[in-house]
Amino acid sequence: MRTVILAEPDDFTGWRDAARALAAEAVPPEQIIWQVGEAGGDLFAEATTPPASVSVAFSVPRAFVDLARDVVLHSDAERFALLYTLLARLRSEPGLIEDRADPLIRRLDHLAGQVRRDIHKMRAFLRFREVADVEGPRFVAWFEPEHHIVRTNAAFFIDRFAAMRWSILTPALSIHWDGKTLSEGPGAQKGDAPGGDPVEDVWKTYYASIFNPARVKIGAMLKEMPKKYWKNMPETALVPGLIATAQARESGMIETARASIGGNIQVAWEALRDEAAECTRCPLYKDATQTVFGEGPVDAVLMFVGEQPGDQEDLADKPFVGPAGQIFDRALAEAGIDRASVYVTNAVKHFKFEQRGKRRIHSRPGAGEIEACRWWIDQERMLVKPRMTVALGATAARALFGRTMTISHERGRPMALPDDGGEAWVTVHPSYLLRLPDAAAKKEAFARFVEDLRMAGERAARK
Ligand code: URA
């Protein structure tokens, strides 16, 4: 038997070096014991070859390294052994990493997904509270991760809060940033972190501003914000009151809250976009490259909603940049609308397609996918609050109104949107223009489309 002692539970480098050496010697997985943090042990209790001198006899796909980096952070005690088993199999089955049906790949993918979700939850739900010490303000947060993600996540918080002095306390580890260097300390207890402070007001106001009483769904809220985190989040203190007064709340209250957070709308929008990047509300995330979120100024008065990203948008991570985007841009220009001044998004944020050989063929999103994705468009609209939202095609109209709409019936006039005082304008999707076979019909349809955009734009510009 070989015993590998890893320095820390998230010791990817230690696992990788040992695994390389063992794989080069063709040591079978069942002959290795993987252990974390036992002081005094050599890396290999019975190994003859130190890992540093091993020349690696085979290379592994990049996807394996990415998977291993995530899986190593999982709390499952078998993770190192499972990864090593995959590494050993890759020697004789180099294409295995692509085989989503293989039970080992499925299991490791599942572990990696849980780790990514935990990373995301730490980013989304951790809240700093302000304390003062002799050197000035310091921000302290308490978080209980499910996996060993704290070190990996440190870079995110340094990037976001580079100028602040902060500490993140967790049961297994604490990390501290003094504005220049990151240091580590032992685990802590919840009582070591302080209670409420003014920082919470920003979050409370943000939360009140995006809280839509007409759509209170506790189940959905809990799904996004697991109960485990509720007790630590200042904004959840607002929830009972918000629900109790749900019927009575006027949109004016939301306006007031929104106005008071001013520039934080941008911060809130970025937080929303980051959350959407991890969206698993429907299965489309599995095959798409990424979530393609909306883009544009958060104070835009005019918003455009398309159907879903296409092949090019999925790769570029930007809405409307492919063939439909080009015709959309041309129509905007003819309607006298500057694309940089408007907010452009899609009803469904992941590309749905059918793989045919090397080509990915667009496939229409279903009602369930549109419904699942309404969560994001609702929140984008609650933050941006456009005066006018243009639905480009039937999918967008359905997402905005929550029911099937016939474009030809609704086109050409402003319509009040449910819940929020904004207006919508329904028109065709630009790809409809691309599909028209006859040049004269195309020209006429394009002119009508431009006219729709112009009228919607003018209405949005009115005070
Ligand atoms: N079609 C859409 O509906 N949206 C895009 O972003 C691109 C094409």
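All values reported here derive from a predicted model rather than from experimental measurement. Along the sequence shown, the residues carry numbers beginning at 1. Atoms within each ligand, like the ligands themselves, are counted from 1 in listed order.
No side-chain donor-acceptor contact under 3.5 Å links Q114 and H147.
For the pair T291 (side chain) and A276 (backbone), a donor-acceptor distance under 3.5 Å is present.
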Using a cut-off of under 3.5 Å, which N/O atoms of ligand 1 pair up with protein N/O atoms, and what distance separates each pair?
{"residue": "ligand 1", "atom": "1 (N)", "partner": "Q308", "partner atom": "O", "Å": "3.4"}
{"residue": "ligand 1", "atom": "1 (N)", "partner": "H429", "partner atom": "NE2", "Å": "3.3"}
{"residue": "ligand 1", "atom": "3 (O)", "partner": "E307", "partner atom": "N", "Å": "2.7"}
{"residue": "ligand 1", "atom": "3 (O)", "partner": "Q308", "partner atom": "N", "Å": "3.3"}
{"residue": "ligand 1", "atom": "3 (O)", "partner": "Q308", "partner atom": "O", "Å": "3.3"}
{"residue": "ligand 1", "atom": "3 (O)", "partner": "N346", "partner atom": "OD1", "Å": "3.3"}
{"residue": "ligand 1", "atom": "3 (O)", "partner": "H429", "partner atom": "NE2", "Å": "2.6"}
{"residue": "ligand 1", "atom": "4 (N)", "partner": "Q308", "partner atom": "O", "Å": "3.0"}
{"residue": "ligand 1", "atom": "4 (N)", "partner": "N346", "partner atom": "OD1", "Å": "2.7"}
{"residue": "ligand 1", "atom": "4 (N)", "partner": "N346", "partner atom": "ND2", "Å": "3.4"}
{"residue": "ligand 1", "atom": "6 (O)", "partner": "F320", "partner atom": "N", "Å": "2.8"}
{"residue": "ligand 1", "atom": "6 (O)", "partner": "N346", "partner atom": "ND2", "Å": "2.9"}

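Using a 4.0 Å cut-off between charged side-chain N and carboxylate O, D102 and R89 make a salt bridge.
Between P9 and R79 the shortest side-chain heavy-atom distance falls below 4.5 Å.
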Checking salt bridge (Lys or Arg N to Asp or Glu O under 4.0 Å) for the pair E278/K121: CA distance, chi angles, key distance, verdict? CA-CA 10 Å; E278 307 287 332; K121 280 175 188 156; over 6 Å; no
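Classified by interplanar angle (parallel below 30°, tilted 30° to 60°, perpendicular above 60°), the ring pair F446/F449 is tilted.
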